[in-house]
Number of protein chains: 2
Amino acid sequence: MANHKLDEIDRKILAELQADGRMTNVELAKRVGISAPPCLRRVRTLEEAGFIKGYHAVVDARKLDFEVEVFAMVGLQSQAEADLSRFEAKCRQWSLVRECHMLNGEVDFVLKCVAPDLSTFQSFLTGDLLSTPNVASVKTSLVIRCAKDAPGVPFDVLEARLAREA
Amino acid sequence: MANHKLDEIDRKILAELQADGRMTNVELAKRVGISAPPCLRRVRTLEEAGFIKGYHAVVDARKLDFEVEVFAMVGLQSQAEADLSRFEAKCRQWSLVRECHMLNGEVDFVLKCVAPDLSTFQSFLTGDLLSTPNVASVKTSLVIRCAKDAPGVPFDVLEARLAREA
DNA sequence: AGTGAAAGTACAGCTGA
DNA sequence: TCAGCTGTACTTTCACT
């Protein structure tokens with residue numbers, strides 16, 4: 001199920017909903033240049049085919065007193081598949097861990113974590129992360145500030161690619 | 001503008017909309033236990049106060065032929081504020097860079113990037129990122145797989161904290 | 001196009017400082 | 001008493017067939 005089934009209108013729909021996920025269907029239809037009913041059918045189809053995986057409100061963590069954001073680079077002792085999966089399952093349980101990506105290279109995982117304050121993060125780091133079996137090394141870096149946090153996919157790149165192919 | 005102005009209903013609204021940003025207002029109202037009009041008013045207030053920064057559809061990048069996701073750790077030669085800002089402005093222009101966070105420690109920035117394929121990323125890396133003045137070092141790691149990608153804020157942690165304070 | 005549901009508005013009542 | 005929030009009633013707009 002690749003790109004090929006999507007026409008220009010589908011891609012516009014995805015771009016618009018990525019930019020504003022709460023747009024009404026009539027507004028969306030107007031922007032992509034079709035009438036509302038077929039537009040809604042397309043959205044449903046895109047959802048069912050998995051092109052749209054969900055919709056989320058972006059909540060300001062700092063305003064909810066989550067002052068600390070941390071990237072943690074984790075190295076494991078064993079990279080056997082069972083051990084990797086076990087570590088990933090742990091990450092899914094830990095609420096403070098918001099993202100967990102397996103990497104190539106010297107580091108095995110990068111985690112994005114949030115916490116209300118440094119001491120909460122420290123107790124998670126020592127009490128949970130570092131005391132997990134098979135965790136060999138953890139290097140943490142505090143986020144000073146965030147310069148960019150764009151959602152998902154750069155549709156301008158996608159369109160440029162398609163234009164070049166055509 | 002802190003946490004203190006939010007009551008339990010507001011926090012429930014944020015948690016529900018973070019989980020499903022396209023929920024209808026009546027469904028939301030039912031879940032948080034009030035009627036629809038005051039619920040809508042609360043949502044508008046939360047939006048205007050900046051607790052809700054936006055709504056986005058989550059689009060499956062791989063299905064749109066963005067096969068490559070990369071974390072890039074960037075070190076700069078000069079960390080003067082003007083130079084930091086200049087680099088951040090560049091990142092905001094680069095479509096392939098989806099996130100740019102300034103860090104403490106040995107590395108200055110971590111970037112999350114996506115690209116259709118490795119060669120596209122490589123040409124961005126050498127043509128754009130590495131040829132930017134003031135960029136001293138870049139270490140890149142390909143994402144093998146993503147074990148967790150949770151949006152925003154862990155509301156269970158927030159509620160546990162508030163319960164402990166009370 | 002048409003029906004049924006949801007969004008949004010106006011107003012009146014309740015509750016706590 | 002007064003401010004703030006709630007719920008009911010109503011109109012407009014949207015979702016869906």
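Naming: A, B, ... by sequence-line order, numbering from 1 per chain.
Dashed line: the shortest gap from a side-chain N or O of B:Arg42 to OP1 or OP2 of D:dT6 is under 4.0 Å.
Separating the CD1 atom of B:Ile9 from the P atom of D:dG4 is a distance of 18 Å, rounded to the nearest angstrom. Regarding A:Asn25, its CG atom lies at a distance of 15 Å from the C1' atom of C:dA7, rounded to whole Å. The nearest whole Å value for the distance from the CD1 atom in B:Ile34 to the P atom in D:dG4 is 18 Å. One can place CD of B:Glu27 at 17 Å from C1' of D:dC14, the figure rounded to the nearest angstrom. Atom CG of B:Leu40 is separated from atom P of D:dC10 by 20 Å (rounded to the nearest Å). A straight line from CG of B:Leu28 to C1' of C:dA5 spans 16 Å, rounded to a whole angstrom. Rounded to whole angstrom, the span from the CZ atom of B:Arg41 across to the P atom of C:dC11 amounts to 13 Å. Spacing between atom NZ of A:Lys30 and atom P of D:dC14 amounts to 8 Å, rounded to whole angstrom units.
No donor-acceptor distance shorter than 3.5 angstrom exists from the side chain of B:Asn104 to the backbone of A:Ser141, with no hydrogens or angles considered.
For B:Val26, the side-chain atoms get nearest to C:dA6 when compared with the rest of C:dA6, D:dT8, C:dA10.
Taking the six-membered ring for Trp, B:Tyr55 and A:His56 have ring centres at least 6.0 Å apart.
Nearest-nucleotide positions on DNA chain C place A:Pro37 closer to the 5' end than the other of A:Arg22 and A:Pro37.
Residue contacts for A:Arg44: at a heavy-atom cut-off of 4.0 Å it reaches the sugar-phosphate backbone alone, with no base atom in range.
Closest non-hydrogen pair, B:Leu129 versus B:Val135, comes out as O-CG2, 3.6 Å.
Ion pair A:Asp20/A:Arg31 not flagged as a salt bridge, since none of the NZ, NE, NH1 or NH2 atoms sits closer than 4.0 Å to an Asp/Glu carboxylate oxygen.
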